[in-house]
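To keep things clear, I will list the structure first and then write my remarks on it.
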Amino acid sequence: MSSTDLLDKAYEPYDVEKRWYDFWEKEGLFAATEKSEQKGYSIVIPPPNVTGVLHMGHALNNTLQDILCRYRRLRGDNVLWMPGTDHAGIATQNVVEKKLASEGNDRHQLGREKFIETVWKWRKEYGGQIIHQLKRLGASCDWNRERFTMDEGLSRAVRKVFVQLYNEGLIYRGNYIINWCHRCHTALADLEVEHEEIDGNLYHIRYPFADGSGEIIVATTRPETMLGDTAVAINPDDERYSNIGATEVILPLMNKKIPIIKDKYVDMSFGTGGLKVTPAHDPNDFEIGTRHNLPAVKVIGDDGLMTDEAGEFKGLDRFECREIVVDKLRKEGLLEKIEPHKHNVGHCYRCKTIIEPNLSKQWFVSAKPLAEKAMDAVRNNETKIIPETWNKTYFEWMNNIRDWCISRQIWWGHQIPAWTCETCQKVIVATNTPETCPDCGGKNLIQETDVLDTWFSSALWPFSTMGWPDETPLLKTFYPTSVLITGFDILFFWVARMMMMGIHFMGDIPFKDVYVHALVRDEHGKKMSKSTGNVIDPLSVIEEYGTDAFRFTLAAFAAQGRDIKMSEKRVEGYRHFVNKLWNAARFALMHIPNSNFEFQVSSFKPLSLPDRWILSRLGKATETVAENLDTYKFNDAAGAVYQFVWHEFCDWYLEAIKPVLYGNEGQEKKDATTRVLWRVLRDTLVLLHPFMPFVTEEIWHKLPGTEGSVMKAVFPSDTPDAADVAYNAEAESEMELVIGIITGIRNIRGEMNISPSLALEVLVQSQDKKIRETIQQHQDIITHLARLSSFSVEQPGERPKASATAITEGATIFLPLEGIIDFAKETERLEKEIDKVTKELTGASKKLSNEDFLAKAPESVVEKVREKHETLAEKRQKLQLNLDKIKEIKK
RNA sequence: GGGCGGGUAGCUCAGUUGGGAGAGCACCGGCCUUACAAGCCGGGGGUCACAGGUUCAAGCCCUGUUCCGCCUACCA
């Protein structure tokens, strides 16, 4: 590509993105090396649901991962970003069932085997959607290694884990109260229940004593469960009931005698202090029932309809039954009253159906022993959670962890590797399908029909994806992973469980760092949801503004510990930034020769002030970007590079070197500056690449003197010629002086409304010889950037009359403009400036006259304030002088 | 009920051992200056939620109040 081929005037992302993504994949630039001398760096992707489509959360999550992976590659690491999806048991089954229903079919008609076949077919056809969307985002995953939680390898890991935990006594099976979703027809883990406050009623029901000596009133929010009551409980300390003789009540509607029991659990201050006990339909009642050996009567079936045990109510829907029960109680005069009552009701996290606590035989993981070590790892800093504030949440949950119900009554998932011998009822748990019963030799072995919770398999993700249970080179190179990037919403679901499983099975933590990022909300801070209609589709944003602008927006707003409020307007702003870079490159390419070009900056010395300055600033920007990416401060990293590119490189450097590039200063100077320009652009592209991979790659290929992909570039601070961009104190302070003078002149121009096209004559006075020399030396830059017709520097002496003035540190600027300046305006401007300075000056004086401050503040602070006071006083004095002068002339 | 986070410019937010209140957008004024009007130059704007306290010094540390958001939980 020759430099005479100008870039288009505006950056058009669409074609560029497609082209380079294909190129990267084709060149194998995303591939990790199994064995390498390089430092290993690995991230496993939080596997999106195979049913999923890319939303803002995914976009943020994966953009951050991609930034880190691309950055680490530039730093020379051997990077593995492991991609994949999870099988999302309930969600996927729901989707496929819906599809079947639309075809007038259902899974029971198909049968289990056929149904699972259908799901696989669906997965093949539609399951890759989100992977394609991740590619649009620029995700540099090692796609050849893509995994799926239902893959053969991962399934093997699941079986092995299940069997081992069972043998260790950490998995057990039993009848317990679990959360039951009638719509999904399965048990759910406690975590999968979403609590929501709803306006319900508190029903007060009279339970007559069996001996006719009176009654006790109990309160309930779910009257239909009374049909399954097996006791009424009171607190043993409750004086209201200390004198009752009755030991039993008659359960209304059922006409059944049930005992009155005493249990400390009962809260005396709630209602009447009488509690109905339904062990089959309430977790607390279940525990009370266990303590008192009460029978558990299941009146609500797994289908949501009342069971045989519900007597005359049999077959009614649970909510319908509630109304009828209440109605009947009222008629029989057993309903004391109904009070409105707000309470929390559990809903299924997949389908929002109201959850019923239900007695059921399920499989559980005994979590406490696993949680202990998972807590230790964080306590000992083996795994660091960032930001730290999430430690508390992590410990809070781990400390109160309860056993994890892992069986699901659905078909799509890992079928539990347990068999029951029909002959002797022995339960066999094994990785391979057993042929005969080891106890009785029976051949009729029936496999457990339940499948495992999807999170059970995702808990193994960091090592199952790398080939475990085999000892693979991949595991050796990349486990433990370097960092996990995730949203806090799955801290418990996933992160905590990976910690438990990783430590238990690998004997080592699954990740060294866990970076917890925020949620993406809409521009008003509301959670995005389909029902609210405030969802912004990342893909439409990408279509409209380009991937680079979108990614940069996400990074720029990814401040630790705060949610991101996303609006398209923000993205638009960063599209301007992409375009700015594009045009800066366009400008640079107009001046960088494309042949016989020696790119070493160091061979051209001495360099001009702008050259030395921009190299110093580039070094600073490089350092800042690295520091902030190393500590997951994505917004600060993005901010630093943005500031550098726009306000230092474009606003000052490119403007300052124009005369040189136009050849006004001779070929030698031009050659030197061109090298610096090239160098800064090259390094800038590398710095920006992790954030904006596409536009940087596009420019990289247009820039002479670069080879291959920018992905293969070396991070600026790691290059052999990194010394060129070291901090240069002299250049920075000289440039500050020059910038100060220019800004002073521009300020007058702006405030006085002097036409930009009018070239001005400017005189600068300074007492400091060094300052005078520096200014003199760089007067061409000042003349150019401030648009001057003449410029001179001298010692303080005669003040030009009729001039506007500005004060910078160490120098006074005079803009003699007889006939041009407006005296009234200049007076006003100076007065305003004096006001400002006076205010600051007063603050400093106050401090300096405070003896305590002088005595107790550190010397360096006092000195700083003294200096400040001195400069301000001087500035004020000069301003005052100028004001007096103006007023004098005005007269 | 328990826990966490937040209240800083009109808006969205930075502000990391306590010592100069900042950015982006929006707004106002001036510019088509041959990279970019998706741009350039200049400018205005804040009792850092409120009340106390510690300190020479508080946006930052402590206490209390208040408002908002989230997580978590078995008061029927």
Side-chain angles (χ1 to χ4, degrees), chain A residues 6-7 9-11 177 190-191 195 202-203 218-222 225 233 265-267 269-271 274-278 282-287 341 343-344 357 389-390 392-393 396-397 400 488-489 491-492 518-519 521 523-527 549 556-557 559 561-567 569-570 572-591 631 633 635-636 639 642-643 650-651 654-655 658 662 743 746-757 785-787 832 840 843-844 847 850-858 860-862 864-865 868:
Chain A
L6 287 184
L7 265 47
K9 216 170 165 183
Y11 175 62
I177 282 274
D190 296 334
L191 267 180
H195 293 272
L202 194 58
Y203 302 85
V218 300
T220 180
T221 53
R222 296 186 299 150
T225 63
Y265 168 78
V266 181
D267 181 354
S269 62
F270 190 91
L275 172 72
K276 61 190 262 328
V277 182
T278 324
D282 183 282
N284 299 308
D285 294 4
F286 177 78
E287 279 174 26
H341 182 70
H343 63 134
N344 282 306
T389 157
W390 290 105
K392 276 187 194 161
T393 312
E396 179 75 12
W397 189 71
N400 298 309
F488 59 78
D489 47 336
L491 194 59
F492 305 141
L519 234 57
R521 300 171 175 281
E523 60 184 315
H524 308 292
K526 282 212 179 91
K527 207 167 170 173
F557 283 93
R562 206 187 266 255
D563 287 343
I564 296 177
K565 292 181 190 162
M566 173 58 62
S567 80
K569 237 177 156 187
R570 308 260 158 79
E572 194 183 346
Y574 286 103
R575 181 180 62 171
H576 296 173
F577 177 58
V578 176
N579 196 49
K580 187 76 182 173
L581 174 75
W582 179 257
N583 274 290
R586 182 167 177 259
F587 173 75
L589 289 172
M590 289 173 177
H591 296 97
T631 49
K633 290 174 182 162
N635 60 322
D636 289 332
Y642 179 96
Q643 167 72 21
C650 291
D651 286 352
L654 291 186
E655 294 304 329
K658 275 179 179 174
Y662 294 152
T743 307
R746 284 175 173 175
N747 179 291
I748 296 171
R749 221 188 244 284
E751 299 243 318
M752 307 291 285
N753 273 341
I754 299 168
S755 162
S757 56
L785 291 182
R787 291 185 172 252
K832 201 171 69 183
E840 279 187 73
K847 276 188 180 171
N850 181 341
E851 281 181 29
D852 282 329
F853 173 72
L854 297 176
K856 291 176 183 169
S860 63
V861 172
V862 176
K864 224 163 134 186
V865 176
K868 188 179 155 196

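In what follows, every chain begins at residue 1, and chains take the letters A, B, ... in the order their sequences are listed. Note: hydrogens, waters and symmetry copies are ignored here, and every other heavy atom, side chains too, is used.
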### Query
When all nucleic acid strands are considered with a 4.0 Å heavy-atom cut-off, which category describes A/Asn850: base, sugar-phosphate, or nothing?
sugar-phosphate
### Task
Please check the phosphate of B/rA35 (OP1 and OP2 only) for any side-chain N or O of A/Lys658 closer than 4.0 Å.
yes
### Query
Reckon A/Lys847 touches a base, only the sugar-phosphate, or nothing at all at heavy-atom distances under 4.0 Å?
sugar-phosphate
### Query
Should the pair A/Tyr574 and A/Tyr642 be assigned to parallel (<30°), tilted (30 to 60°) or perpendicular (>60°) ring geometry?
perpendicular
### Summary
Result for 5'-nearest mapping on RNA chain B, choosing between A/Tyr642 and A/Asp190, is A/Tyr642
### Message
Give me the distance, rounded to whole Å, that separates B/rA49 from B/rU12 when you measure between the P atoms they each carry.
### Response
15 Å
### Interatomic distance at C1', B/rA23 relative to B/rC48, whole Å
16 Å
### Message
Classify A/His341 by what it touches in the nucleic acid, base, sugar-phosphate, or nothing, heavy-atom distance under 4.0 Å.
### Response
sugar-phosphate
### Query
At under 4.0 Å between heavy atoms, what does A/Asp267 touch on the DNA or RNA strands: base, sugar-phosphate, or nothing?
base
### Strand RNA chain B as a dot-bracket string - pairs counted if Watson-Crick or G-U with both distances under 3.5 Å, | where the partner lies in another strand
(((((((..((((.....[..)))).(((((.......))))).....(((((..]....))))))))))))....
### Task
May I ask you to say what A/Arg222 touches in the nucleic acid, namely base, sugar-phosphate or nothing, with a heavy-atom cut-off under 4.0 Å?
nothing
#### Entry: B/rG22 to B/rU47 separation - P atoms, rounded to the nearest Å
14 Å
#### Entry: Whole-angstrom distance between B/rA35 and B/rC60, as gauged at atom P
49 Å
### Query
Counting only distance, no hydrogens or angles, is the base of B/rU16 paired donor-acceptor with the side chain of A/Lys633 under 3.5 Å?
yes
### Task
Please work out if A/Asp651 contacts a base, only the sugar-phosphate, or nothing of the nucleic acid, heavy-atom cut-off 4.0 Å.
sugar-phosphate
### Query
Are A/Glu751 and A/Asn747 close enough that some pair of their side-chain heavy atoms sits under 4.5 Å apart?
yes
### Query
Of A/Ala219 and A/Cys650, whose closest RNA chain B nucleotide lies nearer the 5' terminus?
A/Cys650
### Query
Reckon A/Asn747 has a side-chain N or O less than 4.0 Å from the OP1 or OP2 of B/rG43?
yes
### Message
Considering every strand and a 4.0 Å limit on heavy-atom distances, what is the contact class for A/Pro858: base, sugar-phosphate, or nothing?
### Response
base
### Task
Have a look at A/Val266 and say if it touches a base, only the backbone sugar-phosphate, or nothing, with a 4.0 Å heavy-atom cut-off.
base
### Message
Looking only at the side chain of A/Phe488 (C-beta and beyond, no hydrogens), which of the listed nucleotides B/rC36, B/rC70, B/rC56 gets closest?
### Response
B/rC70
### Message
I want to check one thing: is the phosphate of B/rC4, taken as OP1 and OP2, less than 4.0 Å away from some side-chain N or O of A/Lys392?
### Response
yes
### Query
What orientation do A/His591 and A/Tyr662 show, parallel under 30°, tilted 30 to 60°, or perpendicular over 60°?
tilted
### Message
At less than 4.0 Å, is any side-chain N or O atom of A/His195 found next to OP1 or OP2 of B/rC71? Yes or no.
### Response
no
### Query
Mind checking the P distance from B/rC11 to B/rG3? Whole angstroms is fine.
32 Å
### Task
Can you check whether any acceptor in the base of B/rC36 is under 3.5 Å from a donor in the side chain of A/Lys580, or vice versa?
yes
### Task
Using a heavy-atom cut-off of under 4.0 Å over every strand shown, decide if A/Glu655 touches base, sugar-phosphate, or nothing.
base
### Task
Can you establish whether the number of heavy atoms outside A/Lys658 located under 6.0 Å from its atom NZ is more than 12?
yes
### Query
Is the phosphate of B/rC36, meaning OP1 or OP2, less than 4.0 Å from a side-chain N or O of A/Lys9?
yes
### Message
Need one value for A/Tyr662: base, sugar-phosphate or nothing, where a base atom within 4.0 Å counts as base even if backbone is also close, heavy atoms only.
### Response
sugar-phosphate
### Query
What interatomic distance, in whole Å, is found between C1' of B/rG19 and the corresponding atom of B/rG10?
31 Å
### Task
Assign A/Thr393 to base, sugar-phosphate, or nothing according to its heavy-atom contacts below 4.0 angstrom with the strands shown.
nothing
### Task
Look at all strands and tell whether A/Lys868 reaches a base, only sugar-phosphate, or nothing, counting heavy atoms closer than 4.0 Å.
sugar-phosphate
### Message
With rounding to the closest Å, how many angstrom separate the C1' atoms on B/rU63 and B/rU55?
### Response
16 Å
### Query
Can you check whether A/Tyr11 has a side-chain N or O nearer than 4.0 Å to OP1 or OP2 of B/rA35?
no
